[in-house]
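Fair warning: this is a prediction, and the values are worked out from it, not measured in the lab. One-based numbering, in listed order, for ligands and for the atoms of each.
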Amino acid sequence: MVLVTGGAGYIGSHTCIALDEAGFDFVVFDNLCNSSQESLKRVEKIINKKIKFIEGDIRSKEDMQKVFTTYKIDSVIHFAGLKAVGESVELPLKYYDNNINGTLVLLDVMKEYKCKKIVFSSSATVYGDPHTTPIKEDFPLSCTNPYGRTKLFIEEILRDVYRADNDFKIVLLRYFNPVGAHESGTIGEDPNGKPNNLMPFIAQTAVGKREFLSVFGDDYDTVDGTGVRDYIHVVDLAQGHVNSLQKIAALDSVLTVNLGTGNGYSVLEMVSAFEKASGKKVAYKIAPRREGDIAACFADPSYAKEVLQWQATKELNEMCEDSWRWQSNNPNGYSS
Ligand code: NAD
Ligand code: WQD
């Protein structure tokens with residue numbers, strides 16, 4: 001049985017579908033602090049199966065023990081965490097407590113129940129401002145905000161866990177910029193309030209919920225002066241977790257892998273691709289740079305292909321079409 005912490009969230013809910021398709025049995029554990037059970041109800045419709053769900057907090061040893069005593073957990077995909085960069089600057093202790101303390105409790109209970117396989121949601125943010133692109137896994141690591149530091153610290157913690165006990169099988173997946181939604185248009189990203197990330201902001205502007213997109217800076221050293229990122233379809237990303245689980249038992253060291261497409265698109269390229277996919281105008285205004293942003297960030301995805309036999313399959317138009325289907329069918333997300 002696979003334990004999916006944070007499985008009611010954006011990437012977790014899509015991963016539940018991929019796990020089911022690949023024949024894995026799983027249980028979702030989530031405290032619903034940034035999601036609702038509605039996402040899982042919709043996943044149940046897609047996979048035509050009931051989902052095992054336990055509501056609880058990864059920081060609670062009791063909650064975690066309940067999961068491990070109720071089910072025989074063989075491996076964990078660990079999505080649960082807070083992810084808003086701006087909020088992490090305002091409330092660093094909240095992020096250190098939730099993400100780091102939560103992971104420590106999870107690992108402690110895993111040890112107690114002799115479960116030693118974990119796939120962890122890391123982020124390209126651990127590369128800080130890379131000296132060059134595309135980014136390879138062995139690039140130097142650094143972070144510009146507390147959220148990013150929680151990812152970097154957890155990576156280090158997991159590497160120490162492996163050093164202390166070589167029986168642990170650990171995969172660190174460094175996601176680039178997840179976007180898109182399941183093709184059904186019934187599940188997708190449902191940010192609370194004003195979106196921080198580009199794609200949901202564009203989608204909400206196209207659907208008329210936001211007046212215009214602020215483009216954060218047009219004077220970067222990039223194709224058109226706006227920031228360049230590696231946007232990856234969430235369904236491709238979900239599949240990366242399945243491939244990781246299929247390989248994890250054979251690992252003899254901590255596996256660290258970029259999950260990206262290798263293609264970089266600018267903010268203005270994203271706006272125009274979304275307009276094309278949706279048939280809607282996306283009004284925008286050039287605004288000052290956002291603090292902490294970097295000019296360009298995209299992956300060298302070749303290691304993922306080599307070790308996981310994984311590569312992104314979905315192009316930018318599909319990412320935009322699927323985001324639009326979700327946004328236009330559910331203008332207010334899961335509360336629509
Ligand atoms: P999300 O907020 O949609 O999902 C995270 C889930 O974890 C939510 O359902 C939330 O309720 C749950 N959760 C948070 N704290 C918890 C706790 N203490 N106990 C139990 N459940 C808890 O976010 P997502 O976009 O699906 O991201 C999943 C993971 O991937 C996160 O760890 C995130 O940091 C990481 N990640 C996300 C991105 C991105 O841009 N979306 C990029 C890189 C890495
Ligand atoms: C993308 C581009 C912005 C919003 C963040 C986290 C990272 C990871 C993914 C979790 C940039 C521009 C954005 C807007 C804009 N999350 N932009 N107007 O900053 O690459 O990464 O999410 O791990 O840790 O830092 O993603 O979507 O916020 O921005 O012009 O309203 O869009 O400047 O160039 P980012 P993003």
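- Note on ligand 1: C33 sits in its first shell, one or more heavy atoms being nearer than 4.0 Å.
- Among protein heavy atoms, atom 28 (O) of ligand 2 sits closest to R290 NH2, 2.8 Å.
- Residues W326 and Y334 bring their aromatic ring centres within 6.0 Å.
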Stepwise salt bridge (charged side-chain N to carboxylate O under 4.0 Å, His left out) test for D25 and K52: CA-CA 9 Å; D25 202 3; K52 298 173 194 72; 2.9 Å; yes
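- Legend: ring-ring contact (aromatic ring centres under 6.0 Å, His included) pairs involving residues 97-152, not counting sequence neighbours, sorted by first then second residue: F68-Y113, H78-F120, H131-F139.
- Scanning the protein for heavy atoms near atom 26 (O) of ligand 1, the closest one is I11 N, 2.8 Å.
- For atom 22 (C) of ligand 1, the closest non-hydrogen atom of the protein is N31 OD1, 3.1 Å.
- Between L213 and ligand 2, no pair of N/O atoms sits closer than 3.5 Å.
- Remark: ligand 2 atoms within the under-4.0 Å shell around heavy atoms of V85 are 6 (C), 25 (O).
- The hydrophobic cluster containing L268, built from Ile/Leu/Val/Met/Phe/Trp/Tyr side-chain heavy atoms closer than 4.5 Å, also comprises V179, L198, M199, F201, I202, V207, L213, V215, Y231, Y265, V267, M270, V271, F274, V282, Y284, I286, L316, M319, W324.
- Proximity to D293 (heavy-atom distance under 4.0 Å) selects the following atoms of ligand 2: 3 (C), 19 (O), 33 (O).
- In this structure, the protein non-hydrogen atom closest to atom 23 (O) of ligand 2 is Y147 OH, 2.5 Å.
- In L32, the part holding a heavy atom less than 4.0 Å from any atom of ligand 1 is the backbone.
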